[in-house]
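So the structure is just underneath, and the comments pick up after that.
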Amino acid sequence: MKFVNRFFLLFISVFFMQKAYTQSIPVGTVGDDYFRILQLQGKIDPKYSYSTRPNFLTNKFPIDSFYHLIDSNLNTNIALKSRFVEFRPMLVQLRSQYNSLHPYGWNDEGMIKAKGIQTMARVGVYTRIGPLHIQFMPEHVNAENAPYEISDEFGSIPKDRFQQNFLGQSSVRLNLSAVSIGFSNENIYWGPGQYGALIMSNNAPGFAHYTFNSIRPIKTFLGSFEFQLVTGRLEQDSNTPFEIMNLKSNPEWNQSRIFNGINIVFQPSIFPNLFVGVNRAYQYSEVNIEQQGNNFVNKFIPVFSKIFKSNVGRTDEDKIPRDQQISIFTRWLFPKSHAEMYFEYGWNDHKDNFRDFWIDPEHSASYLIGFKKLKPLGQNRWLELNAELIQTAQTTDYLVRTAGDWYIYPNGGYNHFNQILGAGSGKGNNIQTMQLNLLNGLSKIGIKFQRIQHQPNPADGSLPFESLGLRPLRWTDIGVGFIAQKHWKNIIITPEVNFVNSMNYAWTYRTNFNFFAQLNLTYLW
């Protein structure tokens with residue numbers, strides 16, 4: 001009987017007396033990008049990598065304290081809570097987007113690549129019962145989906161007005177100490193990028209997945225670790241617009257695919273401001289699950305399989321109908337300078353062995369590099385300078401050893417509902433972004449410059465019109481954007497306008513001017 005009582009007391013202590021973690025801040029919502037800003041301002045501990053998102057708050061650092069750190073005039077303390085139970089409305093959000101001539105824009109979750117006006121509405125509530133955390137934030141997308149100029153390589157003919165409901169940023173989790181296990185539909189963002197990510201971003205709608213992840217850094221004698229292991233389902237829909245032909249829903253691909261991915265971040269104890277990490281992801285069709293191998297790892301969690309083809313058998317690995325991506329990254333903080341630098345380098349295929357990696361590291365490679373710098377101006381005003389370069393086009397190595405486009409595969413492409421899961425500007429594109437903001441609490445005003453090179457080095461080694469002996473066309477977008485944000489009590493308005501000049505649009509001789517605008521209205525409870 002004493003043993004039963006002790007076991008019961010132990011269970012109660014684990015169930016209720018662990019450090020309580022509260023709701024997440026979903027990727028793409030107000031506050032998500034402020035974690036890094038607050039960290040560089042010296043208001044948040046530098047032990048967090050912010051390279052495994054969404055981010056989690058705690059009872060010692062709850063949602064109202066988080067927003068109060070951003071702006072002391074913002075109060076979000078409407079909640080019913082006790083020690084073991086909590087209920088809190090999270091937000092109501094309405095996001096509108098407009099393209100005057102053709103699809104443009106990314107990192108917008110369930111919104112589609114379309115011309116005209118489209119809106120996304122979401123509302124969220126959060127409930128905690130002991131260590132059980134339930135977040136419900138569905139999304140509804142409604143798009144005009146008007147016809148626009150297309151070519152043989154780009155665009156799709158709209159069928160009708162597009163409407164779709166998604167589970168959005170919803171999840172059910174069991175949080176115990178430093179880890180969480182559960183079922184989620186939230187968008188995942190892996191890596192240090194501000195404007196994009198090679199493996200996982202919020203460019204596509206969130207997909208249903210099981211997750212096992214850390215919710216704070218786990219300390220060891222070597223340093224601190226953060227991680228996330230995910231297994232889920234990617235969907236195709238022939239009614240969903242597609243941006244490029246290779247993402248078109250082929251009848252052979254129009255089936256659910258299994259996704260398995262892992263993110264690991266390490267902060268060494270001897271370098272407290274340095275983070276290094278790795279991302280790895282696999283996808284394969286559900287109907288091909290029996291062809292993934294005979295053991296449990298190959299069939300269900302291939303992210304733990306061997307890295308080099310020579311270790312698993314070159315011929316055997318190439319015959320398995322699945323695709324993978326892997327990347328390594330680093331983020332380095334400079335707290336006294338209120339600055340950070342980061343870098344991510346990835347491959348979309350196995351290397352044959354270490355010799356293959358050593359002599360030809362750029363084969364099938366892409367990279368991302370950037371920095372953020374804050375300068376204090378006094379009275380909670382800061383000047384913020386961001387810059388980022390994303391390179392997913394093939395390197396010059398394609399002249400002797402083509403690797404194909406980074407997000408395109410024989411099994412249907414690395415996408416969910418016809419939208420790329422990683423860097424969202426398009427297949428094989430290069431993006432250069434620079435943004436200057438004046439921050440004053442939650443309010444800001446800024447200017448953004450962006451250049452997008454659309455597939456400058458195509459997968460087959462040729463450009464449109466080359467086969468006819470004509471000069472190859474280079475499609476390049478040059479954009480200038482103006483961003484602002486203002487709040488009145490708990491109402492936040494975030495307008496953005498972009499003027500985009502598309503030279504050789506869709507790899508044709510047409511050059512046009514596109515007006516791209518966004519308006520985000522958010523109410524925080």
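Because the structure is a prediction, the values reported are computed rather than measured. Residues take their numbers from the sequence shown, with the count starting at 1.
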For [Y], is there any backbone N or O sitting under 3.5 Å from a side-chain donor or acceptor partner on [X]?
X      : Y      : answer
His140 : Asn165 : no
Asn430 : Ala393 : yes
Asn260 : Val230 : yes
Thr58  : Phe61  : yes
Asp477 : Arg451 : no
Asn145 : Asp160 : yes
Asn175 : Ser180 : no
Asn185 : Gly168 : yes
Arg280 : Val303 : yes
Thr231 : Tyr210 : no

(request) List the steps and the verdict of side-chain contact (heavy atoms from CB on, under 4.5 Å) for Leu377 and Leu438. (result) CA-CA 9 Å; Leu377 301 177; Leu438 177 62; 3.5 Å; yes
(request) Determine the sole option in Tyr104, Phe154, Tyr148 for which the ring-ring contact (aromatic ring centres under 6.0 Å, His included) test with Tyr505 is passed. (result)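 Considering Tyr104, Phe154, Tyr148, a ring-ring contact (aromatic ring centres under 6.0 Å, His included) with Tyr505 is found only for Phe154.
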Which heavy atom of [X] sits nearest a heavy atom of [Y], and at what distance?
X      : Y      : answer
Ser327 : Ile199 : OG-CG1, 3.6 Å
Ile390 : Ala423 : CG2-CB, 4.1 Å
Phe66  : Gly31  : CZ-O, 3.3 Å

With a 4.5 Å cut-off on side-chain heavy atoms, are [Y] and [X] touching?
X      : Y      : value
Ser201 : Asn107 : yes
Ser184 : His209 : yes
Arg122 : Thr29  : yes
Glu340 : Pro192 : no
Leu385 : Phe371 : yes
Ser170 : Gln135 : no

(message) Can you see whether Tyr342 has Arg36 sitting over its ring - NZ or CZ less than 6.0 Å from the centre and within 45° of the normal?
(response)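 Positive - Arg36 is close enough to the ring of Tyr342 and near enough to its axis.
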Is it true that [X] and [Y] have ring centroids separated by less than 6.0 Å?
X      : Y      : answer
Tyr67  : Tyr34  : no
Phe35  : Tyr48  : no
Phe515 : Phe499 : yes

(message) With a sphere of 6.0 Å drawn around CD1 of Ile445, does it hold more than 12 non-hydrogen atoms of other residues, nucleotides or ligands?
(response)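 Atom CD1 in Ile445 is not packed in, count stays at 12 or less.
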(message) If we check side-chain hydrogen bond (donor to acceptor under 3.5 Å, both in side chains) with Gln169, which of these qualifies: Glu186, Glu109, Glu139?
(response)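 Among the candidates, only Glu139 passes.
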(message) Between the side chains of Lys448 and Glu496, is the shortest nitrogen-to-carboxylate-oxygen separation below 4.0 Å, so that they form an ion pair?
(response)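 Between Lys448 and Glu496 there is a salt bridge, with a charged N closer than 4.0 Å to a carboxylate O.
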(request) Answer yes when Arg53 and Asp32 have at least one side-chain N-carboxylate O distance shorter than 4.0 Å, and no when they do not. (result)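 Here Arg53 pairs with Asp32 in a salt bridge, since their nearest N and O are under 4.0 Å apart.
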